[in-house]
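The shown structure was predicted, so the numbers you read here are calculated from the model rather than taken from an experiment. We name chains A, B, ... by the order of the sequence lines, and we start the count at 1 in each one.
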There are 2 protein chains.
Amino acid sequence: MSSVTINDVARHAGVSKKTVSRVINNEINVSAETRTKVMAVIHQLGFKRNPLGMALAKNRSLFIALLADNPSPGYLQKLQKGILQCCSEEHMGLFLYDCSYRSPTLVHEIEEFIDNTLADGLILVPPLSDKQELLDMLQRKRVRYIRIGPKDQDSGDCVSFNGVKAAYEMTQYLLRLHHKDIAFVLGHPDQESSHRCERGFRNAIADAGITLNEQLIVQGYYTHQSGVDAAATLLSRTPRPTAILAANDEMAVGVLYEAHRRGIKIPAELSVCGIDDISLTTKVWPNLTSMRQPINAIGYRAAFKLIKKLKGETAAGNDSGADIFDCELIVRESTSQPGR
Amino acid sequence: MSSVTINDVARHAGVSKKTVSRVINNEINVSAETRTKVMAVIHQLGFKRNPLGMALAKNRSLFIALLADNPSPGYLQKLQKGILQCCSEEHMGLFLYDCSYRSPTLVHEIEEFIDNTLADGLILVPPLSDKQELLDMLQRKRVRYIRIGPKDQDSGDCVSFNGVKAAYEMTQYLLRLHHKDIAFVLGHPDQESSHRCERGFRNAIADAGITLNEQLIVQGYYTHQSGVDAAATLLSRTPRPTAILAANDEMAVGVLYEAHRRGIKIPAELSVCGIDDISLTTKVWPNLTSMRQPINAIGYRAAFKLIKKLKGETAAGNDSGADIFDCELIVRESTSQPGR
DNA sequence: ATGCAAATTGACACCGGTGTCAATTTGCAT
DNA sequence: ATGCAAATTGACACCGGTGTCAATTTGCAT
């Protein structure tokens, strides 16, 4: 390796390596003259701090990791993209770890992962965000984390999405189209986001003065197949719903599939819509109407908060902005007035 | 941190820390007695080697990273899964880095990424696998890498997929169904895999004794939209092809979309198929016939080779097995005899 | 010029490991 | 018992940084 060390810089600048360290870390108590001189040498030699040496000395690796187990690959992919963008800007590496929510040794596996990488910051994706046993372990190991979409949105260390509003507004949109029999496909019961969407849906129906037919709410699990299954149930009901809203796009695409299979015309005979706005929405036919969740921004924000936390900069001023993101209705081809 | 260090183990076992180091690294020249004693203490205290200390002393981080810029998210996702599985088994962390093939500062960005993470092993995904400028930089920095699907498949440090055979067999399948006017959507011209598929397609047509209509080969770029555009071109030709084979599934799904939009019945009026077998194939309607590329296995294998290389174990014996994976035809709902 | 607090700087030890090399112990032939 | 090569072990320096604390320098009031 031809890498330049802090010692090289110190020698060239005629100062001690501790002083160089002070300059690198932007510490106070370095004279302007010294700082300028050292900075010049740093640029001249192309010095870059070795993150391993730093990590060992400070006992903080500044590495962060994304822990994921999410049934919707499109969601994860967008989230990952947002996180990576922030990491890239902040010159941080991102470790990835795939885990299985159902694994009985989950917490142990994650602990081992942390020992292997020494990551000291984690981004938790639902349903991991609410696994108390995991959070306890992280606390014990003093590993920082930011949770995405946890149950208690008020804890400072999380970023979420206003799922109630998303489902509420999507339902309102369907009502404006004059749909009466609107069905709803729930997400996984372990994930709070599913309950939030359900609340939004129920509120919208209630606020419209309609008595909800409980038969039109069916269980799903956020997976494509559960969307297919839910649609199979709903589409054999009489009267058939004229619109189906699914708690995520992955399931909505499943609904689309089952409807096609039965020869039901979309949107003429059935409106279908989802929530999230993953890339899948513009790949299927017809393109899926969805509620855009700014997944990219959520990922970016989560990474940003985590990194600031690790670097010890308190999220002050304009940084402590809203961490509950709003949705946006994206009307595409899969919804219309009944019969059109 | 309550972590146990090598010093703690040494003290408890009554040996020097160098001896403990020898035991950890499975070096020879440690008496059986000492080894047993030290191992006992290691288990008793729950000692785990600190990867940072090791990395600093050995000047090898043993961290690996996946560098990706691929237009098909489904492909990348499956690859990632295979890589992660291997990393998990080998107790290695995986860094992720998203880059843009087109960025003029690509090589510099990647160099910076390596400096920030000290990854000393990389997995390169096409089209990065063939970027000579990048490979040179890695050579210079002595960063090891494994390439996926490079142009020169014979270099030992790569894992690929038999694209010629995949396209050849898929075309044969369509010919067996008695299709005559079979169209082909090319992938990105910068990626060798596209050329390989084209060769397979041409060979199959030639071997069947058919004169190829060059009008039926259109350019694509491996993206969904390029599939839509290619289909728009192909489906307005007279006579219209009765089957379209795309060089990847992402584009095939685009073809499906455009055909639906035009009210063309699939597969009755048009057979559509792709290559890769990404998860998207079973989400769209009708489910897409595809050539399964063992993407998971490819990712796993790439990670395995890289890790072995880093650990210095020469891939000997049964390990040096075939690194060109074969395809498998998966017939689903999007193909049939013409007119059925 | 003098005194003193604050600012600046560097010597040294340390983070948790490994490499080098010399010292000690072991095993075996004589 | 003796000699000698091979096996085993540990002292010490080092990888590239940072923390502590004491020494030196600076800036200002007197």
Side-chain angles (χ1 to χ4, degrees), chain A residues 1-39 41-42 45-63 114-118 120 142 310-312, chain B residues 1-39 41-42 45-63 114-118 120 142 310-312:
Chain A
M1 282 295 200
S2 61
S3 63
V4 181
T5 74
I6 210 171
N7 282 299
D8 301 327
V9 176
R11 203 171 325 113
H12 280 255
V15 298
S16 73
K17 62 179 191 170
K18 177 62 203 181
T19 296
V20 177
S21 169
R22 288 197 179 91
V23 172
I24 298 168
N25 289 289
N26 249 308
E27 287 178 25
I28 54 170
N29 286 344
V30 179
S31 72
E33 191 192 5
T34 306
R35 188 181 300 273
T36 310
K37 186 172 59 183
V38 171
M39 287 300 276
V41 176
I42 284 177
L45 300 184
F47 167 79
K48 295 214 152 195
R49 172 168 69 180
N50 182 320
L52 298 182
M54 188 274 283
L56 194 57
K58 288 197 164 177
N59 196 21
R60 332 226 48 225
S61 74
L62 287 189
F63 289 147
I114 294 172
D115 288 338
N116 287 331
T117 59
L118 290 190
D120 50 24
R142 299 208 190 127
L310 288 182
K311 291 189 176 167
Chain B
M1 281 297 198
S2 60
S3 63
V4 181
T5 74
I6 210 171
N7 282 299
D8 301 327
V9 175
R11 202 171 328 111
H12 279 256
V15 299
S16 73
K17 62 180 190 168
K18 178 62 203 179
T19 296
V20 177
S21 170
R22 288 196 179 93
V23 173
I24 298 168
N25 289 288
N26 248 309
E27 287 177 24
I28 53 170
N29 286 345
V30 178
S31 72
E33 190 193 6
T34 306
R35 187 181 301 274
T36 309
K37 186 172 60 184
V38 171
M39 288 299 278
V41 176
I42 285 177
L45 299 184
F47 167 80
K48 295 215 155 195
R49 171 167 71 180
N50 182 321
L52 298 181
M54 189 273 284
L56 195 57
K58 288 198 163 177
N59 196 21
R60 331 226 49 227
S61 75
L62 288 189
F63 289 150
I114 294 172
D115 288 339
N116 286 333
T117 59
L118 291 191
D120 50 23
R142 297 206 193 130
L310 288 181
K311 292 190 176 168

Is the side chain of B/S61 donor-acceptor paired with the backbone N or O of B/A55 at a distance under 3.5 Å, no angle test? no
Intra- and inter-strand pairs of DNA chain D in dot-bracket (Watson-Crick or G-U wobble, both distances under 3.5 Å; | for another strand): ||||||||||||||||||||||||||||||
Between atom OG1 of B/T34 and atom CZ of B/R22, what is the distance when rounded to the nearest 0.5 Å? 10.5 Å
Under 4.0 Å: is that the gap between some side-chain N or O of A/S31 and OP1 or OP2 of C/dA7? no
Would you kindly check whether a donor in the side chain of A/K17 faces an acceptor in the base of D/dG17, or vice versa, at under 3.5 angstrom? yes
C/dG16 C1' sits how many Å from A/M54 CE, rounded? 16 Å
Residue pair A/K18/A/A32 against DNA chain C: nearer the 5' end by closest nucleotide is A/A32
Looking only at side-chain N and O atoms, does A/N25 come under 4.0 Å of OP1 or OP2 in D/dT18? yes
Would you check if the side chain of A/T36 reaches a backbone N or O of A/A32 as a donor-acceptor pair within less than 3.5 Å? yes
Should A/N29 be listed as having a side-chain N or O under 4.0 Å from OP1 or OP2 of C/dT8? yes
Nearest-nucleotide comparison on DNA chain C, the residue closer to the 5′ end among B/R22 and B/K48: B/K48
Side chain of B/L56: nearest nucleotide among D/dG16, D/dG19, C/dG17? D/dG16
So if I take every side-chain heavy atom of A/I6 and compare against C/dT18, C/dT9, D/dT18, which nucleotide ends up nearest? D/dT18
CD1 (B/I42) and CG (B/D8) are apart, to the nearest 0.5 Å, by 11.5 Å
Quick one: is C/dT18 close enough that its OP1 or OP2 comes under 4.0 Å of any side-chain N or O from B/R60? no
Candidates C/dT9, C/dT18, D/dG17 - which lies nearest the side chain of A/V30: C/dT9
Give a yes/no answer on whether the side chain of A/T19 brings an N or O atom under 4.0 Å of OP1 or OP2 in C/dT9. no
Taking the side chain of A/E27 as its heavy atoms from C-beta onward, which of D/dT18, D/dG19, D/dC15 lies nearest to it? D/dG19
